[in-house]
Amino acid sequence: MQMYGLIQKKKRGKKLEREEIRFMIDGYTKGEIPDYQMAAMMMAICFRGMDAEETLQLALAMRDSGDVLDLSRIAGVKVDKHSTGGVGDKTSLVLAPLVASLGIPVAKMSGRGLGHTGGTIDKLECFPGFSTSLTEEQFLANVERVGIALMGQTADLAPADKKLYALRDVTATVDNISLIASSIMSKKLAAGADAIVLDVKVGDGAFMKREEDAFALAREMVAIGKSAGKRMAAVVTDMDQPLGNAVGNSLEVKEAILALNGNGPKDLMEVVYALGAQMVLAAGAASTEEEADQMLQKAISGGDALKKMVEFVEAQGGDKKYVYEPQALPLAQIRLGVVNTEEGYVSRIKAEEVGLASLALGGGRTTKESAIDLSVGVLLQKKRGDFVKPGDTLAVIYANDMEKAKAAYGKLVCAYEVKKEAPKDVPMIKGILSDQAP
């Protein structure tokens, strides 16, 4: 078997067999297949596509290129959640302790952010001392003892995907649904959970801009997971404006703690409850979405979710006082309000522009080596549908550098659109794909 022949085969639109995909992934992981040949294959796939079986076999081959966590010693159905990413997406910070507080084991692998804000790991490091550098044994022990653990992706977890994604990123071969789906699911399958719930974002601030693409991606990932023996669900959610009011690491952690106290923004909580219900159903802890929703709401109103957050932070070395006193989290000293100039209704907030404003402040990474300023960000004062008058503050910028604050100001002014007529309501939940809600 030769890589040259496989490239020719896919270039002609033919199907790659399981053994051929395994040969390709194993050879590339070991360095036996050079970048230029794999780049040619990725471009051929982008032009010719892959069917469902090819996509599944690619995900499984990348999963098996490294370690696969064994969570079988932990009792119960272990659940995990993944988001395709968006602006102000602090959902995992609320969802993980909330679901764990119901006695459902949450075993989650997360990465650092590359873009406008940090990832879940970066945000959790707002708690002094918090560490996600856990050994496999520590990870398993924490899930057994506390019911929740979160660790960073190790070098031995789906190494083929790490290598392949870096290549796709510089060869314009990222935007293929089969490649995206197999990349995400290879890591999720390697992380070992029994049930996986996916938050697939769609809109201006998401990777998928069109609903049909978001649903296509959701279907591909659910199909991969089910074929691999996992309980799967995907919720397609709106990302045409930032989720919640906070964009930036410490600001988002504060908002997540508010949510666990029962004071979360309506749009954020709608997404949290929709995803949480699917996690509860997948774990077999409820038989209907309504029952699951009631359980989740009770866990917040009764304080169990916040208590679990305290246990989670403490178990991973973090200072739990910041859960009780989120106002003590670091916030940048320069505060600059973005002032409205027109009367009317906020008809649109371009999520991507808000994300770029956060990036301009230093709240995100342009490269994997970039340092993040956890204290900067943007706090939205007005959201889509709000009535505003000239002089009203649309958003507040938190910065440590006035030049960066001015750059962010320009992006936020462009992000807001105000019109005379109120906009139509946009549903946060576009659809759900699961065994419970086909």
Side-chain angles (χ1 to χ4, degrees), residues 85-90 93 112-128 204-205 239-258 265 267-268 322 326-344 346-384 386 388-418:
V87 182
D89 185 13
K90 73 284 296 177
L93 300 177
R112 296 190 180 277
L114 184 59
H116 40 76
T117 60
T120 300
I121 287 178
D122 299 296
K123 290 165 190 172
L124 284 167
E125 287 177 351
C126 290
F127 296 105
D204 179 74
M239 188 40 74
D240 247 355
Q241 69 169 343
L243 186 61
N245 301 319
V247 180
N249 300 281
S250 283
L251 288 168
E252 291 187 41
V253 171
K254 287 183 70 174
E255 188 163 80
I257 293 170
L258 281 173
D267 59 345
L268 171 63
Y322 291 89
Q327 67 276 10
L329 287 164
L331 282 181
Q333 293 303 303
I334 297 171
R335 313 287 163 88
L336 182 61
V338 179
V339 180
N340 178 51
T341 58
E342 303 174 66
E343 182 172 302
V346 176
S347 64
R348 188 181 180 198
I349 306 174
K350 299 174 187 173
E352 191 168 16
E353 286 295 319
V354 178
L356 291 172
S358 173
L359 183 61
L361 294 167
R365 291 186 180 89
T366 52
T367 69
K368 289 181 180 178
E369 293 73 34
S370 300
I372 282 185
D373 186 342
L374 298 174
S375 70
V376 301
V378 177
L379 193 60
L380 305 179
Q381 303 292 304
K382 303 293 182 183
K383 295 289 292 284
R384 187 172 54 209
D386 288 344
V388 291
K389 302 186 298 295
D392 286 351
T393 300
L394 299 173
V396 177
I397 295 166
Y398 289 75
N400 286 315
D401 180 295
M402 185 52 78
E403 289 305 310
K404 290 181 180 179
K406 290 176 181 176
Y409 191 103
K411 294 183 184 300
L412 289 166
V413 167
C414 294
Y416 273 87
E417 290 183 5
V418 176

Among V388, D386, L412, V339, the one residue meeting side-chain contact (heavy atoms from CB on, under 4.5 Å) with L394: V388
Roughly how far, to the nearest 0.5 Å, is the CD1 atom of I334 from the CE atom of M402? 4.5 Å
Sorted by first residue and then second, give each side chain to side chain donor-acceptor pair (under 3.5 Å) pair with at least one member in residues 393-408; sequence neighbours left out. D373-N400, S375-N400
Evaluate the side-chain proximity of I372 to E125: yes if any heavy-atom separation is below 4.5 Å, no if none is. no
Any side-chain heavy atom of Q241 within less than 4.5 Å of one from L380? no
Using side-chain heavy atoms (C-beta onward) and a distance below 4.5 Å, is V346 in contact with K383? no
Close side-chain approach of Y322 and C126, heavy atoms under 4.5 Å: no
Do other residues, nucleotides or ligands put more than 12 heavy atoms under 6.0 Å from the CD atom of Q327? yes
List in chain and number order the residues that pass salt bridge (Lys or Arg N to Asp or Glu O under 4.0 Å) with D240, two or more places apart in sequence or in another chain; answer none if no residue qualifies. none
Does any non-hydrogen side-chain atom of P326 lie less than 4.5 Å from one of L258? no
Could you check whether any side-chain N or O of S250 sits under 3.5 Å from a backbone N or O of L331, counting only pairs where one atom can act as donor and the other as acceptor? no
V87 vs D204 side-chain heavy atoms within contact, under 4.5 Å: no
Taking only residues two or more places apart in sequence or in another chain, which ones pass salt bridge (Lys or Arg N to Asp or Glu O under 4.0 Å) with K350? E417
Could you go through the side-chain contact (heavy atoms from CB on, under 4.5 Å) check for N340 and Y416 one step at a time? CA-CA 9 Å; N340 178 51; Y416 273 87; over 6 Å; no
If you take all heavy atoms of I349 and R384, which pair is closest and at what distance? CD1-N, 3.9 Å
Specify the closest pair of heavy atoms between A360 and K411, including all atoms of both residues, with the distance to one decimal. CB-CE, 4.4 Å
